[in-house]
Number of protein chains: 2
Amino acid sequence: MAGLKQVQRQTGVALWRQIADRIREAIGSGAYDETGMVPPETVLALQFGVNRHTVRSALAALAQEGIVRAVQGRGTLIERKERLNFPITRRTRFTAGIGDQARETRALLLDEVKEEASADVARWLKLKPGEEVIRLETLRHADRRPVSKATSWFPAGRFAGIGAAYRKHESITKAFAELGLSDYVRATTEVTAAHANTADLADLELTPGAILLIAKAMNTDLDGVPVQYSISRFAADRVQFTIEN
Amino acid sequence: MAGLKQVQRQTGVALWRQIADRIREAIGSGAYDETGMVPPETVLALQFGVNRHTVRSALAALAQEGIVRAVQGRGTLIERKERLNFPITRRTRFTAGIGDQARETRALLLDEVKEEASADVARWLKLKPGEEVIRLETLRHADRRPVSKATSWFPAGRFAGIGAAYRKHESITKAFAELGLSDYVRATTEVTAAHANTADLADLELTPGAILLIAKAMNTDLDGVPVQYSISRFAADRVQFTIEN
DNA sequence: CTCAAATGTCTATTGATATAGACAACCATA
DNA sequence: TATGGTTGTCTATATCAATAGACATTTGAG
């Protein structure tokens, strides 16, 4: 019973995609660690109760993601199965949190815009709607794989030049330091999940139907004054959050 | 630009399902609060760049979920739009956390089993693998809608009878109290996201392709001794987590 | 009452998804 | 080198998903 994986028809989600999701999960949970390979296509087809061609569509999608690699005559090898851990604490920092789990981390600044605070942004940063804020669009990689895409807002008066500082240091913590803020704390984090939209799919190198973990976070200085509000979108199959209380 | 919602073809996820997901999100974020109605089908079709029939399939799915109700001649009314907030803190409790946002909460005990701790369970509860634990399968409702399904493990020696106590009080906190544990704290929470499997779909009354927020949590007594390890699966479109540091 | 706006229903057609079967190509091993 | 097991490719067919158009039905407002 444990090995029986069910898929459903006429649900608006193609069978090959459902099967790809289940195999991806099984790989992540170490189900095939003994062999380092996915079971043969004919076996999977039998397990899922579908045609072999349908399984092949699923495996093709996983190969496209770089998770497996099919070798004619041998089988389908597992290439990757990691899931990064992202701790969320009062002292949450992206680079330090991910850094020890990846050989190389990168942080790219995609865009920097000065704009007026929307109602939502104003509420989080405790500003008046319409006050000026700086918005940064950033993309973070670990070992050359995109991990998260984030939109961050900062009070414009206090943090002029944060875009340049971020581009230079590839770190919010160091950018803050250059602008005279030596320490800050994570005040609030809201976590939700949703399907990825087209822009996120492209930037995070995901396939449609992929899931995102979404974290809305607010950082303050040591006096409790908001310094950053951000919405980060993580590829759900590459990360998990850990909350230590 | 803000009103432009994108959908993709040939991705294994039907357009009507992608559109249903986006409309559900828009409803949840209050986008249609002014009118209490979804825009007309022809308008939605134009916005998403699809045929009106495709939009109708999406709305039919949402109607099936009880989120909207179409009325001929008038429009499509929004029936429900809540997203419960679930705070995760050192003092996280399900009933108290959700209680003030719902008129009625229920907690059902689906199953109670005494078993030997697996490696994973033993590690979290700081037991030796093979020591006896009690496993509870529980289902939680808010206002008659299923919110989460959880599997919990407790050290068997210390908490014999917790199943009966939980069934009586419909609360872990009260069940603990009856067994002599007056207070406990949330030590660790790990959050991930994944697609729902068939069993979860049925119990949580979801449609295939739905997303789950998954929280692995460990509670300890005031001396730091683990008292509960649980894996909770939440319907992602019905809840969000808030982490206050 | 009349009309505009909205949802409901029907038919027809095209492309994507899934099944079915057959066979080729390749690999490891006996 | 022969063989069994595996992935790769091709053809054919049935069903689902999506488009297109037309018209009916219901509602609310003028």
Side-chain angles (χ1 to χ4, degrees), chain A residues 5-23 27 32 34-79 195 207-209, chain B residues 5-23 27 32 34-64 66-79 207-209:
Chain A
K5 325 224 174 147
Q6 297 178 25
V7 286
Q8 296 196 346
R9 290 146 202 270
Q10 296 173 38
T11 61
V13 182
L15 292 179
W16 64 262
R17 173 153 290 286
Q18 296 182 49
I19 291 169
D21 292 336
R22 299 236 180 269
I23 295 176
I27 291 173
Y32 308 133
E34 290 182 18
T35 59
M37 298 175 68
V38 170
E41 296 168 352
T42 49
V43 173
L44 290 171
L46 208 66
Q47 281 182 5
F48 287 110
V50 301
N51 192 276
R52 179 179 157 234
H53 294 294
T54 309
V55 169
R56 283 179 59 75
S57 298
L59 292 175
L62 294 177
Q64 177 67 30
E65 295 177 40
I67 292 175
V68 301
R69 177 168 54 91
V71 179
Q72 190 170 7
R74 290 183 60 194
T76 303
L77 284 62
I78 295 168
E79 293 275 285
H195 290 102
T207 52
Chain B
K5 327 227 174 143
Q6 298 179 23
V7 286
Q8 293 197 337
R9 290 147 203 269
Q10 297 173 41
T11 63
V13 182
L15 292 180
W16 64 263
R17 173 154 288 285
Q18 296 182 51
I19 291 169
D21 292 336
R22 299 235 180 268
I23 295 175
I27 291 173
Y32 308 133
E34 291 182 18
T35 59
M37 297 175 67
V38 169
E41 295 168 352
T42 49
V43 173
L44 289 171
L46 209 64
Q47 280 183 5
F48 287 110
V50 300
N51 191 275
R52 180 180 155 230
H53 293 293
T54 308
V55 169
R56 283 179 60 76
S57 298
L59 291 175
L62 295 177
Q64 177 67 29
I67 292 175
V68 300
R69 178 169 52 90
V71 179
Q72 191 171 6
R74 288 182 62 194
T76 302
L77 286 62
I78 295 169
E79 294 276 284
T207 51

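Every chain is numbered from 1 and lettered A, B, ... according to where its sequence line falls, protein lines coming before strand lines. Predicted model, so just to flag it, every value in this text is computed and none were measured.
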Length of the [atom1]-[atom2] vector between [X] and [N], whole Å:
X       : N      : atom1 : atom2 : value
B/Leu46 : D/dA20 : CG    : P     : 12 Å
B/Arg69 : D/dT27 : CZ    : C1'   : 13 Å
B/Gln18 : D/dA18 : CD    : C1'   : 13 Å
A/Gln72 : C/dA25 : CD    : C1'   : 4 Å
A/Phe48 : C/dA18 : CZ    : C1'   : 16 Å
A/Leu44 : D/dT6  : CG    : C1'   : 12 Å
A/Trp16 : D/dT15 : CH2   : P     : 22 Å
B/Glu41 : D/dT26 : CD    : C1'   : 13 Å

Whichever of A/His53 and A/Arg74 has its nearest DNA chain C nucleotide further upstream toward 5': A/His53
With rounding to the nearest 0.5 angstrom, report the OG1 to CD1 distance, A/Thr76 to A/Ile67. 13.0 Å
dist B/Leu59:CG -> B/Arg52:CZ (nearest 0.5 Å) comes out at 10.0 Å
Do A/Leu44 and A/Val50 make a side-chain contact, defined as non-hydrogen atoms from C-beta onward lying under 4.5 Å apart? no
Partners passing side chain to side chain donor-acceptor pair (under 3.5 Å) against B/Arg74 (at least two apart in sequence or in another chain): none
Looking at C/dG21, does its base get a donor-acceptor pair with the side chain of A/Arg52 below 3.5 Å? no
Between C/dT17, D/dT19, C/dA6, which nucleotide has the shortest distance from any of its atoms to the side chain of A/Ala14? C/dT17
Looking only at heavy atoms, which two atoms of A/Ile78 and A/Tyr32 are closest? And how far apart? CD1-CB, 3.6 Å
Does OP1 or OP2 of [N] have a side-chain N or O of [X] closer than 4.0 Å?
X       : N     : result
B/Thr42 : C/dA5 : no
B/Arg56 : C/dG8 : yes
A/Thr76 : D/dT6 : no

B/Asn51 vs A/Ala70, nearer the 5' end of DNA chain D by closest nucleotide: A/Ala70
